[in-house]
Amino acid sequence: MGRLMKDLITIRNDIQQCSDKTEILYTRLGEIFPSLLSIVADTDPSSSLASLREVLTSIRNGLNVSGDGSDDFLGGFNERNTALFGKLADKMTALDSIHARLEDIRNNSEELELISLNAMVISIKSGDKGRAFSCITENLKRLSASMISLSNELMLEEKKLLEKNTILEKSFAASRSRYDGITHSHAVSLQETVLPALDSAGEDLAALEGKAGQTISPIRQAMTGIQLQDIIRQSIDQVLLASKEIVPLDQQISTEDQLDRIVVDIQLLEICEKIIDEVHANVMKSVSVFSENWDLVHHILDEVEQQRRKFLSSYLDYSNRNGTSLPLLLDRASESFSEFVSRITVFQREQKGMVQDTASILGEVKYLRTLFETIRPIIARLQHVRITQQIEVAKNEALHSVRGTVDHMSDLIYRTESSVEETRKELEQFITDIESITGVYGEGAKRDDRELSRIREEKSRSFKIVQDSNEILSSKLSDLRVYPDSFQVMCKEVDDALVSMQTIADTLASLKESVAENVRESCSWRDSILAKTGSETWTIQNDRLRELVERFTITAHKEAAGQIGGFSVEDSTLDSIKSGEVTLFF
């Protein structure tokens, strides 16, 4: 019996250690599981996935300025310029008619000059009688020369005007080419490459987050295994309570007392064996709940890791095999954006040049008007000379021979005056139209320049955002973690805890066998003593076991002890309590 007590002390120590370890493990798991759930459900913007999602959103918003109406504005801007130059081209055709009339004026003036020269020769031959007429024709010749000079100057200015219009047309062609370059490069760099890759990355990131969130259910299910902690602890306490009631067999006492004591000890050992078996079953049930759900958690974690690696291989692949490497695409987009802004600047500069060209055309047109106004006084003087000439010829018989020439010169003067008047009206209409077109264009150009400046500044800011975000994106992708380090640490703790709980279960199974061995050994001692007395059975003569059972806190264990001890457990609430429920005594 000495060895039996030594084994019981070891058993009690081992089962106490099991109790202490399970208490620690369950308490720690009770802290870990809620922490894991909190991490999975965490919406902290500084977390790896959330911060990456924020960066992707920032880049997407930065790139969305391509849809802010700038393309529509540039298209409308180009249409307005096209309309302007179409109107200018239509109005410039009026110069053909003006040019023809100027040629008529010059031709008439040249003929008038030649005829006046002939008339002057005749008047000189007439001597003193033709001296007055000679002065008149000389004045006529001088005025005709002035008309010829002005006509040439007007046609020269007309030529300059056409040349400036040609320069404006070339500027417009360059502007149109620039516009086509802007819209083409912008569309290719964004709509066809970057934006689809960003949208795809956002969808894959959402799928990754969704997969990571699937761990919530099995973690919650695993937590249900902790509910067995209290019954395991109370059961072990009852084993310790029962084992402490086992006392060494004292051979100095009477045989009856020896039998009484050893039979009680056997019953206590059987109770301990039964409760340890239940503790082992509950621990294994808890391990099963933990393991089954934790295996599912690990399975999800493996899938999450596979998705994470696939995500990185798609969007952080500097070889860009799939054409979806975000850093490379954004680098190209930044280059395209920089080129776009540069072209906008050149486009704007060219537009200012066209404004200056239209202003120059208007200036030339106004000078044409000023220059043309100098013809009218000459025409008035020509009319005066015409009248004087006719009077002189009418009263001077010596000039009778030039009367037809004078009539012809009068006709030329009339025709020239008529051409000048018609040209003046046509020129005034031309000038009015040009002033209207260039005036409207000038005002529109001011508004357009402000809008172009806004587009350039806004896109420059957006491109800077994209460029800065790209640096952050590369860092976020390189350090992409679905869960923080603390999550991995706690997962490792759970793994270790499950191993420890399995070890505890194995220890409990071994302890149960040790207690069973003690039961067999004690029964052998009992049978030996009974043989000496010639008896086959023994009825316990004390209530030690009954008194002990009253201190049990689990109803099922009270019933089991009563069955082992051969007595009924009286409890007013016993019939209403199911097996395994806990009865607390205070």
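Here the structure is a predicted model, which is why all the values come from computation and not from measurement.
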Between the side chains of [X] and [Y], does any donor sit under 3.5 Å from an acceptor?
X: Gln234; Y: Asp230; result: yes
X: Gln348; Y: Ser453; result: yes
X: Lys211; Y: Gln214; result: yes
X: Glu278; Y: Asn282; result: no
X: Asn13; Y: Gln17; result: no

Rounded distance [0.5 Å steps], [atom1] in [X] versus [atom2] in [Y]:
X: Ile300; Y: Ser217; atom1: CD1; atom2: OG; answer: 8.0 Å
X: Ser200; Y: Phe311; atom1: OG; atom2: CZ; answer: 8.5 Å
X: Ile11; Y: Leu240; atom1: CD1; atom2: CG; answer: 11.5 Å
X: Asp204; Y: Arg308; atom1: CG; atom2: CZ; answer: 14.5 Å

- Query: Within the side chain of Ser19, is there an N or O that forms a donor-acceptor pair under 3.5 Å with the backbone of Ile15?
  - Reply: no
- Any donor-acceptor N/O pair, Tyr315 side chain to Leu198 backbone, under 3.5 Å: no
- Message: Does Arg309 have more than 12 heavy atoms from other residues, nucleotides or ligands lying within 6.0 Å of its CZ?
- Response: no
- Query: Aromatic rings His298 and Trp294: how do their planes relate, parallel, tilted or perpendicular, breaks at 30° and 60°?
  - Reply: perpendicular
- Message: Do the side chains of Arg28 and Glu31 get close enough for a salt bridge, i.e. N-O under 4.0 angstrom?
- Response: yes
With a 4.5 Å cut-off on side-chain heavy atoms, are [Y] and [X] touching?
X: Gln229; Y: Thr27; value: yes
X: Met223; Y: Pro34; value: yes
X: Gln502; Y: Asp506; value: yes

- Message: To check you understand the geometry: which heavy-atom pair defines the closest contact between Thr507 and Cys18, and what is its length?
- Response: CG2-SG, 3.7 Å
- Item | For Pro484 against Ile39, the heavy-atom pair lying closest together | CD-CG2, 3.5 Å
